[in-house]
Colleague: 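Below you'll find the structure I mean.
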2 protein chains.
Amino acid sequence: MTATLYKIGELAQKADVSVETLRFYETKNLLNAHSRSSAGYRLYSEQDLHQLYFILHAKKVGFSLAEIKQLLGVQVNKQQYTCEDVKHFTEEKIAQIEAKIDDLSKIKLALAQLNKACCGGEESAMHCSILHTLEDPTLFQVKGA
Amino acid sequence: MTATLYKIGELAQKADVSVETLRFYETKNLLNAHSRSSAGYRLYSEQDLHQLYFILHAKKVGFSLAEIKQLLGVQVNKQQYTCEDVKHFTEEKIAQIEAKIDDLSKIKLALAQLNKACCGGEESAMHCSILHTLEDPTLFQVKGA
DNA sequence: ATAAACCCTAAAGTTAACATTAGGGTCAAT
DNA sequence: ATTGACCCTAATGTTAACTTTAGGGTTTAT
Ligand SMILES: [Zn+2]
Ligand SMILES: [Zn+2]
Ligand SMILES: [Zn+2]
Ligand SMILES: [Zn+2]
């Protein structure tokens, strides 16, 4: 069976990004088209689509394009790395992810506590505990305060 | 007792931000000095300090400056808003954070599975299972699709 | 065969949240 | 009275991740 190839507009629609974004990713060497048509049109493979999903997803969880490039690009220079290197790299990334989850969980907890204390009623927010708490210097202890 | 007023450098140090940040917040109408000295120096009041804390706290829990400006608007004329308004705002933020945590967990799982399959040895990564797996398009099916 | 829809490159513009630079007053102390 | 720390404005620079613009080929359908 012949592999299906998508033109840039088709890929863009499938992944819900703009064609400009796709061309931009190419300049950043994040996603190269599988091939080009005789007219020079970019032709993307199914695998390219999956790689695009990975990029978008990693982005969504807070990885920068530079980090994603690292994540994706290890296999390009296989000879220069050992399994030890590779494993170490993924372990670092996992640790980073855990740290991010931690941060977000704390923020979520803080917001949830604020939210819980608010009556949510239809009267004026004059007494709103969220607003009061946010201006309290002691609650969240900003670094050097 | 006379109210204490801080010069911009003092306020900056108290809240651990740069003076440039404070002047920047002024241009964004997020934090205006209580008054100016005869020489034109910004003079901040204790209440200004509280508002700065408010800004920094909100920022720390993931609000953008634009969102904070909205929140400040609410805080400044609390009479015009209800607790319901405020609660909605934080509930939306909490939902956003939860979605991010969810996505991060998925990526972490994917990476952990890769990591587990790598031997971690000192030889070239030519045979590395992580790299081989990275080439597998099905792995990238992290997102929808 | 022509118009709409789609593709190309290169370059400049945009947004957020500041930081830096340039050129110059102000204030406390030596 | 001069140094050094601190303040001012206005303008420009920074980084990330795109978007827009300009000018011009290609495909497809009528
Ligand atoms: Zn209430
Ligand atoms: Zn409330
Ligand atoms: Zn190995
Ligand atoms: Zn390996």
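We name chains A, B, ... by the order of the sequence lines, and we start the count at 1 in each one.
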Colleague: State, without any angle test, whether B:Lys116 and B:Gln113 hold a side-chain donor-acceptor pair at a distance under 3.5 Å.
Modeller: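 Side-chain D/A pair, B:Lys116 to B:Gln113: absent.
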Colleague: Using side-chain contact (heavy atoms from CB on, under 4.5 Å), reason through A:Glu92 and A:His88 one step at a time and then give a plain yes or no.
Modeller: CA-CA 6 Å; A:Glu92 250 179 30; A:His88 191 255; 3.3 Å; yes
Colleague: Would you indicate, yes or no, if D:dT19 has its OP1 or OP2 atom less than 4.0 angstrom from a side-chain nitrogen or oxygen of A:Thr21?
Modeller: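 Affirmative; the distance criterion is met.
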Colleague: Kindly point out which of D:dT19, D:dG25, D:dA17 is positioned nearest to the side chain of A:Ser64?
Modeller: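 Taking heavy atoms from C-beta onward, the closest nucleotide is D:dA17.
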Colleague: Within the distance-only criterion (no hydrogens, no angle test), does the side chain of A:Asp48 pair as donor or acceptor with the backbone N or O of A:His34 below 3.5 angstrom?
Modeller: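 Side chain of A:Asp48 to backbone of A:His34, a donor-acceptor pair under 3.5 Å: yes, one is there.
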Colleague: Between A:Leu30 (CG) and D:dA17 (C1'), how many Å, whole number?
Modeller: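 Interatomic distance, CG of A:Leu30 to C1' of D:dA17: 11 Å.
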Colleague: Give a yes or no on whether A:Gln13 atom CD has more than 12 heavy-atom contacts from other residues, nucleotides or ligands under 6.0 Å away.
Modeller: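 Open: at most 12 neighbouring heavy atoms sit under 6.0 Å from CD of A:Gln13.
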Colleague: Which sits closer to the 5' end of DNA chain C, B:Tyr25 or A:Gly40, going by the nucleotide each is nearest to?
Modeller: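 Per heavy-atom nearest nucleotide, the more 5' residue is A:Gly40.
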Colleague: Please state whether the rings of A:His50 and A:Tyr53 are parallel, tilted or perpendicular, taking 30° and 60° as the class boundaries.
Modeller: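 Taking A:Tyr53 first and then A:His50, their aromatic rings sit tilted (interplane angle of 30° to 60°).
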Colleague: Any side-chain heavy atom of B:Arg42 sitting closer than 4.5 Å to one from B:Tyr6?
Modeller: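 No, too far: nothing below the 4.5 Å cut-off.
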Colleague: With a 4.0 Å cutoff (strictly under), does any side-chain N or O of B:Arg42 reach OP1 or OP2 of D:dT9?
Modeller: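 The answer is yes; a side-chain N or O of B:Arg42 sits under 4.0 Å from OP1 or OP2.
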Colleague: Identify whether any heavy atom of A:Ser18 sits under 4.0 Å from a base atom; if not, whether one sits that close to sugar-phosphate; answer base, sugar-phosphate or nothing.
Modeller: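 If one applies the 4.0 Å heavy-atom cut-off, A:Ser18 turns out to touch the sugar-phosphate alone, with no base involved.
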Colleague: How many whole angstroms separate atom CG of B:Leu22 from atom C1' of D:dT9?
Modeller: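 Distance, rounded to whole Å: 16 Å.
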Colleague: What integer distance in Å separates A:Glu67:CD from D:dA17:C1'?
Modeller: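 Result: 14 Å.
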Colleague: In whole angstrom, give the distance that lies between atom CD of A:Glu10 and atom C1' of D:dT26.
Modeller: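 My rounded result for the distance is 14 Å.
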Colleague: To the nearest angstrom, how far is A:Glu20 atom CD from D:dT19 atom P?
Modeller: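 Spelled out: CD on A:Glu20 to P on D:dT19 is 7 Å.
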Colleague: Mind calculating the distance between OH (B:Tyr6) and P (D:dC7) to the nearest angstrom?
Modeller: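 To the nearest whole Å, that distance equals 15 Å.
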Colleague: Send over the distance from B:Tyr41 OH to D:dT9 C1', rounded to a whole Å.
Modeller: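 Interatomic distance, OH of B:Tyr41 to C1' of D:dT9: 13 Å.
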Colleague: In whole angstroms, how far is the P atom of D:dT19 from the CZ atom of A:Arg23?
Modeller: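 For the pair A:Arg23 CZ and D:dT19 P, the rounded distance is 12 Å.
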Colleague: Taking NZ in A:Lys108 as the centre, count heavy atoms belonging to other residues, nucleotides or ligands within less than 6.0 Å. Is the count above 12?
Modeller: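 Atom NZ in A:Lys108 is not crowded, with 12 or fewer foreign heavy atoms closer than 6.0 Å.
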Colleague: Reckon A:Lys7 touches a base, only the sugar-phosphate, or nothing at all at heavy-atom distances under 4.0 Å?
Modeller: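 Sugar-phosphate: the residue A:Lys7, judged by heavy atoms under 4.0 Å, touches backbone atoms but no base.
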Colleague: On DNA chain C, reading 5' to 3', which nucleotide is the first and which the last to sit with an atom under 4.0 Å from a heavy atom of chain A, could you check?
Modeller: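 It runs C:dC6 to C:dT9.
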